[in-house]
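A short worksheet on the structure shown next.
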Amino acid sequence: MLQCDRFRGAMSFHTPFAAACADFMARATDLPAASFAVDAPPRREMGDFAVGCFAAAKAQGKNPAVVAAEIVAKFAPTDLLASATAAGPFVNFQLQRGPVFAYCVERAAAGTLLPQPGADQTICIDYSSPNISKHLAFHHIRSTVIGHALAQIFRGLGYRVIGINHLGDWGTTHGMLIAAFKKWGAPEPIDVTALNALYVRFRDEMKTNPDLENEGRAWFKKLEDGDAEARALWQKFRDVSWAEFETVYAMLGIKFDEIRGESAYEPDMPRVMAELRDKGMVTESQGAQVVELDGEKTPMLLVTKDGTTLYATRDIAAAQYRWNTYHFARSLYVVDRGQALHFRQLWKALAKAGYAWSSKCEHVPFGLVRIGGKKTSTRGGNVVLLKDVFNEASDEIAERIQASVQNNDRTSEVTDIAGTAQKVGIGAVMFANLMSQREKDVDFDWEKVMATDGDSGVYLQYAHARCASILRKAGSDGHANADLSKLTQPGEWALARRILDYGDMAVRAGNNCEPHVICHYLLELAGDFSRFYTAGNGDATLRVLCEDGHTRAARLALTEATKTVLAHGMALLGLQAVEAV
RNA sequence: GUGCCCAUAGCUCAGUUGGAUAGAGCAACUGCCUUCUAAGCAGUAGGUCGCAGGUUCGAUUCCUGCUGGGCACGCCA
């Protein structure tokens with residue numbers, strides 16, 4: 001499938017091979033190695049790595065192509081580099097293949113595929129963070145899946161990650177819900193559907209009966225003042241909601257390190273307000289208490305005219321708590337782009353309060369989910385429940401497994417169809433949501449969600465299952481200490497060269513908070529494997545399980561490494577690889 | 001009105017500190033199962049990178065303006 005080299009801009013400095021290219025350039029030019037960006041050339045046949053000579057040419061006042069030719073003239077093969085050729089202003093390197101095969105196989109076997117830039121550093125990631133008393137709907141998938149992927153990526157890179165579910169469990173909304181419940185009640189046992197219905201009805205009747213809004217506000221005031229009845233109802237709603245959320249998180253395999261809603265910061269409100277007042281930041285505006293910020297047309301509201309706090313106030317307390325508790329290197333908030341203004345103001349307010357660590361806080365925004373071209377809204381009724389999508393996807397995959405077995409007249413190697421279908425189906429939905437850039441808006445479309453061919457999570461699972469199948473069929477045929485010099489086919493080299501990039505892709509995904517980098521990388525790796533595999537369809541000598549024992553062992557080692565990287569990469573995205581489909 | 005984001009093939013998207021001939025998937029068309037899993041592989045076709053300027057040896061990429069779309073702009077979160 002994917003066969004372009006999409007990540008030409010990616011530097012591979014952490015591998016000794018890319019470093020060797022830069023070192024050679026440095027020696028040949030007397031410039032520091034760091035001044036050379038090591039890239040991949042646009043096409044495979046041109047070389048394994050490429051370095052442009054633009055900066056060097058400028059430093060010497062010469063034509064880049066001339067400089068490239070001069071540099072190449074100084075090249076002599078080394079343990080890692082086989083050749084260097086000038087192509088216009090570029091120097092293209094071919095690697096010594098044996099060491100690359102060995103590097104990939106050893107790293108995969110040892111489980112040391114990723115560099116560890118995160119050692120001794122903590123990253124807080126606030127993600128998913130749904131409002132209680134509402135269902136987890138399809139649009140929650142974005143924060144949940146992107147946040148989880150980032151958590152997995154940073155864990156892979158050696159960071160200590162604190163995944164935080166900052167539940168929306170405080171605020172006027174919850175006062176309205178209590179008011180609605182007091183007014184109309186709900187059948188026992190109460191569930192999220194009933195709570196959501198109460199809220200929708202309340203908002204609806206509020207349009208014609210403005211008194212309701214005041215009732216809702218009054219109940220929130222009581223809640224914030226510690227009224228026993230209000231607290232008991234709120235606690236009940238929260239428990240019911242969490243019970244439902246937990247079943248969906250279990251489907252996704254997500255466990256949070258901290259489940260701490262907005263309500264947890266309610267006791268801190270007086271202290272936060274006192275602190276900001278002491279710093280002279282708080283002013284009054286139309287009955288509310290606000291902070292004026294440089295470059296902002298509107299101030300940030302801290303306390304309403306009713307005397308209740310707002311989410312900005314609680315976010316200040318939460319940010320302080322996270323810093324004081326974790327001393328994070330980065331504190332990420334995976335929240336939709338619509339809240340960009342809120343976060344911009346929050347960082348400014350924290351900076352104004354003198355917290356140097358405010359610069360470590362980042363909003364990681366993502367685009368909207370639309371259904372039928374419209375923004376989803378619980379109140380508007382155009383919601384699709386997340387669990388329904390997952391169940392539908394799992395059912396669809398289960399059917400596909402059966403159909404595949406029939407169509408190909410083979411016996412299934414799947415031992416647990418239901419379990420496999422769930423991993424593949426849910427994984428496919430997750431993958432589809434991670435594949436494009438975060439900030440793009442996405443349209444919900446059943447057909448797109450269920451797509452099982454082409455660039456999809458299913459394609460990765462299929463490639464992984466093929467690796468697993470081959471290794472199963474190899475049985476006791478060992479491939480430890482295989483003679484990797486037997487790997488001479490172009491398809492084998494393509495695989496190894498791709499595996500070499502894995503660590504860089506993870507680093508880049510982490511730096512930019514862009515899981516889609518991993519998605520596209522894995523599609524390419526799976527594509528390389530599929531071509532490697534298919535070469536054996538017409539020619540038995542090209543199969544992994546070929547006649548020659550030494551070649552077979554070497555190919556098995558490469559297959560094992562590929563399988564390991566596929567599974568590892570899928571895990572970074574929150575997907576669980578299956579052994580058969 | 002102000003601010004932020006987006007615009008690449010019929011559709012959905014990659015292309016990320018400016019670099020070599022702009023690439024995939026879907027849809028269309030053509031091949032490949034005497035099969036290490038055809039949920040796959042190979043191929044054909046499909047582009048004035050929204051428009052106009054600017055910077056540069058070089059711009060899909062950076063800057064300005066314009067057009068079109070999205071989102072956000074005080075007591076919800």
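Proteins come first, then strands; the chains are lettered A, B, ... in the order of their sequence lines, and each starts at number 1. These values consider heavy atoms only, across backbone and side chains, with no hydrogens, waters or symmetry-generated copies.
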*Given atom CG of A:L434 and atom P of B:C13, what is their separation to the nearest angstrom?*
15 Å
*Charged N to carboxylate O below 4.0 Å: is that the case for A:E296 and A:R344?*
yes
_Under 3.5 Å for both donor-acceptor distances, Watson-Crick or wobble: does B:A72 have a partner, and if so which one?_
B:U2
*Determine: side-chain N/O of A:Y533 to OP1/OP2 of B:U37, distance under 4.0 Å, yes or no.*
yes
*Taking OP1 and OP2 of B:G15, is either one under 4.0 Å from a side-chain nitrogen or oxygen of A:H516?*
yes
_Sugar-phosphate, base or nothing in reach of A:R314, heavy atoms under 4.0 Å_ = sugar-phosphate
_So A:A535, base contact, sugar-phosphate only, or nothing? Heavy-atom distance under 4.0 Å._
nothing
*asked:* Check A:E292 with A:K297, please: is the shortest side-chain N to carboxylate O separation under 4.0 Å?
replied: no
*asked:* With hydrogens left out and only the distance checked, is there a donor-acceptor pair under 3.5 Å joining A:S285's side chain and the base of B:G74?
replied: yes
*How is A:N511 classified with respect to the nucleic acid when contacts are heavy atoms under 4.0 Å: base, sugar-phosphate, or nothing?*
nothing
*Return the nucleotide paired to B:G19: Watson-Crick means purine N1 to pyrimidine N3 with N6-O4 or O6-N4, wobble means G-U with N1-O2 and O6-N3, both under 3.5 Å.*
B:C57
*Can you tell me the Watson-Crick or wobble partner of B:A24, both distances under 3.5 angstrom?*
B:U12
*asked:* Using Watson-Crick or G-U wobble geometry with both distances under 3.5 Å, which nucleotide pairs with B:C41?
replied: B:G31
_Can you see if the side chain of A:T172 gets near the phosphate of B:C76 - specifically, an N or O under 4.0 Å from OP1 or OP2?_
yes
*Scan A:T534 against the nucleic acid and name what it touches under 4.0 Å (heavy atoms): base, sugar-phosphate only, or nothing.*
sugar-phosphate
*May I ask you to decide if A:I132's main-chain N or O and A:S241's side chain share a donor-acceptor pair within less than 3.5 Å?*
no
*Do the side-chain N or O atoms of A:R466 get closer than 4.0 angstrom to the phosphate oxygens (OP1, OP2) of B:A38?*
yes
*Which heavy-atom pair separates A:L223 from A:W170 by the least distance, and what is that distance?*
CG-CH2, 3.5 Å
*Sugar-phosphate only, base, or nothing, as touched by A:P299 at under 4.0 Å among non-hydrogen atoms*: base
*Atom CG of A:D528 to atom C1' of B:C41: distance rounded to whole Å?*
13 Å
*If you look at every strand shown and take non-hydrogen atoms under 4.0 Å, does A:G52 touch a base, only sugar-phosphate, or nothing?*
nothing
*asked:* So, does A:R43 get its side chain near the phosphate of B:A20, meaning an N or O under 4.0 Å from OP1 or OP2?
replied: no
*Expressed as a whole number of Å, how far does the C1' atom of B:U37 sit from that of B:C41?*
13 Å
_Interatomic distance at P, B:G69 relative to B:G25, whole Å_ = 32 Å
*For atom P, what is the distance between B:A59 and B:U16, given to the nearest Å?*
16 Å
*Could you tell me whether the phosphate oxygens of B:G1, OP1 or OP2, come under 4.0 Å of any side-chain nitrogen or oxygen in A:K297?*
no
*asked:* Tell me whether A:F54 and B:G19 count as stacked here, given that the ring centres must be under 5.5 Å apart and the planes must differ by less than 30 degrees.
replied: yes
_C1'-based separation of B:G58 from B:U2 [nearest Å]_ = 37 Å
_Does B:G15 have OP1 or OP2 under 4.0 Å away from a side-chain N or O of A:Q437?_
yes
_Measuring to OP1 and OP2 of B:C36, would you say a side-chain N or O of A:N537 lies under 4.0 angstrom away?_
yes
*By nearest nucleotide on RNA chain B, pick out whichever of A:T173 and A:R337 is the more 5' one.*
A:R337
*Rounded interatomic separation in angstrom, taking CD from A:Q339 and C1' from B:C71*: 12 Å
*Using a cut-off of 4.0 Å on non-hydrogen atoms, how would the nucleic acid contact of A:L301 be classed: base, sugar-phosphate, or nothing?*
base
_Are A:F444 and A:H139, when compared by the centres of their aromatic rings, separated by less than 6.0 Å?_
no
*Does a side-chain N-to-carboxylate-O contact under 4.0 Å join A:R314 and A:E266?*
no
*Phosphate OP1/OP2 of B:U37 contacted by A:K473 side-chain N/O (<4.0 Å)*: yes
*For A:A403, report the nucleic acid contact type (base, sugar-phosphate, nothing); a contact means any heavy atom under 4.0 Å.*
nothing
*Describe the nucleic acid contact of A:A340 in one word from base, sugar-phosphate, nothing, applying a heavy-atom distance below 4.0 Å.*
nothing
*State whether a side-chain donor-acceptor pair under 3.5 Å links A:Y533 with A:R543.*
no
_Nearest-angstrom distance, P atom, B:A22 to B:G47_ = 13 Å
*Could you check whether A:A50 gets within reach of a base, just the sugar-phosphate, or nothing at all, counting any heavy atom under 4.0 Å?*
base
*Name the residue closer to the 5' end of RNA chain B, choosing between A:Q286 and A:G88 according to the nucleotide with the nearest heavy atom.*
A:G88
*Has the side chain of A:D453 got a donor or acceptor atom sitting under 3.5 Å from an opposite partner on the base of B:A38?*
no
_Looking at B:G40, I'd like to know if its phosphate oxygens (OP1 or OP2) sit under 4.0 Å from a side-chain N or O belonging to A:S530._
no
_Atom pair distance, as rounded to whole Å: CD in A:E296 and P in B:C4_ = 10 Å
*Let me know the distance between CG of A:D501 and C1' of B:A14, rounded to the nearest Å.*
16 Å
_Interatomic distance, A:L341 CG vs B:G74 C1' [rounded to whole Å]_ = 11 Å
*asked:* What is the separation between atom CG on A:N214 and atom P on B:C76, rounded to the nearest whole Å?
replied: 11 Å
*Kindly state whether the ring of A:F532 and the ring of A:F529 have centres lying under 6.0 angstrom apart.*
yes
*When you check the gap from the basic side-chain N to the acidic O, do A:R400 and A:E396 get nearer than 4.0 Å?*
no
*Can you tell me the distance, in whole Å, between the CH2 atom of A:W170 and the C1' atom of B:C76?*
15 Å
*Look at all strands and tell whether A:M46 reaches a base, only sugar-phosphate, or nothing, counting heavy atoms closer than 4.0 Å.*
base
*Under 4.0 angstrom, heavy atoms only, what part of the nucleic acid is A:D441 near: base, sugar-phosphate, or nothing?*
sugar-phosphate
*asked:* B:C41, OP1 or OP2 - any side-chain N/O from A:Y459 closer than 4.0 Å?
replied: yes
